[in-house]
Amino acid sequence: MALDDLKSAVPDYAKDLKLNLGSVIGNSDLPTQQLWGTVLACAIASRSPKVLRELEPEAKANLSAEAYTAAKSAAAVMAMNNVFYRTRHLLSDPEYGNLRAGLRMNVIGNPGVDKVDFELWSLAVSAINGCGMCLDSHEQVLRKAGVERETIQEAVKIAAVLQAVGATLDAEAALAE
């Protein structure tokens, strides 16, 4: 199992990450599509080749072709949106918020899967990319759709752990060179 391989690659000094990796993915209460879509989108957003290589095959096996593509789409569009909206938020001139974005993001309106799943994946990617505006926006859509805070937190925990595992493994790979 790829998850076991990834866990075994985590160094001993990061034992908490290894344990968390097993619990947030291996013991998740999320439905399969939400879980593996979140895992795939976050593995992409982590920018860690090792994390993505290890988890992508299992994500692909657990997702329909449409959900697999939608999870990748969530990672792609949020990579753009998170930079744009985080910058807009961080600039001290509030007039930037009044300007038209002018960026295509049609996939958000028609992701090819249940809108709630896509919003959850987008929120998780936004957590990795640190965009407060996007986090608030996606959280509000999810809450209006009846998604519980615990479900949203599950996705954020997956994002946090995969980001940390990716950073740790990439650091170890760089030190080994």
Side-chain angles (χ1 to χ4, degrees), residues 2-3 24-25 28-91 96-167:
L3 182 57
V24 301
I25 296 174
S28 177
D29 290 330
L30 293 177
T32 300
Q33 180 166 295
Q34 286 184 356
L35 170 64
W36 286 103
T38 302
V39 168
L40 179 58
C42 289
I44 293 168
S46 78
R47 297 174 182 84
S48 171
K50 174 87 172 156
V51 168
L52 183 57
R53 274 194 309 269
E54 292 296 331
L55 295 176
E56 184 274 343
E58 197 161 350
K60 193 170 194 174
N62 280 285
L63 294 169
S64 67
E66 295 81 10
Y68 177 81
T69 298
K72 291 183 0 178
S73 295
V77 76
M78 295 318 296
M80 173 185 71
N81 284 358
N82 293 155
V83 169
F84 182 80
Y85 288 105
R86 183 178 63 237
T87 299
R88 215 182 223 193
H89 174 73
L90 292 172
L91 288 169
Y96 286 100
N98 296 324
L99 299 176
R100 184 177 166 277
L103 297 171
R104 294 194 184 273
M105 48 191 96
N106 296 327
V107 71
I108 294 172
N110 187 18
V113 295
D114 186 292
K115 182 97 166 115
V116 165
D117 293 351
F118 191 83
E119 290 287 335
L120 189 67
W121 304 337
S122 296
L123 177 132
V125 170
S126 297
I128 289 173
N129 292 331
C131 181
M133 286 184 72
C134 292
L135 283 165
D136 282 342
S137 175
H138 294 292
E139 190 267 348
Q140 289 171 12
V141 170
L142 288 164
R143 294 292 291 143
K144 283 181 187 166
V147 176
E148 299 292 330
R149 286 180 180 87
E150 292 79 7
T151 298
I152 294 168
Q153 183 168 290
E154 281 290 311
V156 172
K157 288 179 356 184
I158 291 167
V161 172
L162 289 184
Q163 176 65 16
V165 168

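This chain uses plain numbering: 1 for the first residue, then up along the sequence. Since this is a predicted model, take the numbers as computed values, not measurements.
Here the closest heavy-atom approach between residue Ile152 and residue Val147 is recorded as CG1-CG1, 3.9 Å. Between Leu142 and Val116, the shortest heavy-atom contact is CD2-O, 3.4 Å.
Annotation: side chain of Ile108 is in contact with side chain of Asn81 (closest heavy-atom distance under 4.5 Å). Annotation: side chain of Val77 is in contact with side chain of Met80 (closest heavy-atom distance under 4.5 Å).
Separating the OG atom in Ser48 from the CZ atom in Arg53 is a distance of 7.5 Å, to the nearest 0.5 Å. Atoms CE and CD1, from Met78 and Ile44 in turn, are 13.5 Å apart once rounded to the nearest 0.5 Å.
Looking at residues two or more places apart in sequence or on another chain, you find a side-chain hydrogen bond (donor to acceptor under 3.5 Å, both in side chains) between Gln34 and Asp117. For Glu154, the side-chain contact (heavy atoms from CB on, under 4.5 Å) criterion is met by Ser28, Leu30, Lys157, not counting sequence neighbours. Every residue meeting the side-chain hydrogen bond (donor to acceptor under 3.5 Å, both in side chains) condition with Ser64, not counting sequence neighbours, appears here in chain and number order: Glu66. With sequence neighbours left out, the side-chain contact (heavy atoms from CB on, under 4.5 Å) criterion links Thr87 to Val83, Leu91. Lys115 is linked by a salt bridge (Lys or Arg N to Asp or Glu O under 4.0 Å) to Glu119, counting only residues two or more places apart in sequence or in another chain. Asn110 pairs by the side-chain hydrogen bond (donor to acceptor under 3.5 Å, both in side chains) definition with nothing, not counting sequence neighbours. With sequence neighbours left out, the side-chain hydrogen bond (donor to acceptor under 3.5 Å, both in side chains) criterion links Glu56 to Tyr68.
Tested against Cys42 for a side chain to side chain contact (heavy atoms under 4.5 Å, CB included), the candidates Thr38, Leu40, Val39 yield a single pass: Thr38.
Residue pairs meeting the side chain to side chain donor-acceptor pair (under 3.5 Å) criterion with at least one member in residues 139-153: none, sequence neighbours excluded. Each salt bridge (charged side-chain N to carboxylate O under 4.0 Å, His left out) pair with one or both residues in residues 72-88, not counting sequence neighbours, would appear here, but there are none. Listed by first then second residue, pairs satisfying salt bridge (charged side-chain N to carboxylate O under 4.0 Å, His left out) with a partner in residues 102-112 number zero, not counting sequence neighbours.
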Before you tell me yes or no, could you show the steps for Gln33 and Trp121 under side chain to side chain contact (heavy atoms under 4.5 Å, CB included), namely the whole-Å CA-CA distance, both residues' side-chain angles and the distance that decides it to 0.1 Å?
CA-CA 10 Å; Gln33 180 166 295; Trp121 304 337; 3.9 Å; yes
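Of the possible donor and acceptor atoms, one in the side chain of Ser46 sits under 3.5 Å from a partner among the backbone N and O of Ala43.
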Side-chain polar contacts of residues 122-132 - donor-acceptor pairs under 3.5 angstrom, sequence neighbours left out - could you list them?
| unit_1 | atom_1 | unit_2 | atom_2 | d |
| --- | --- | --- | --- | --- |
| Ser122 | OG | Phe118 | O | 2.9 |
| Ser126 | OG | Asn82 | ND2 | 3.0 |
| Ser126 | OG | Ser122 | O | 2.8 |
| Asn129 | ND2 | Asn82 | OD1 | 2.8 |

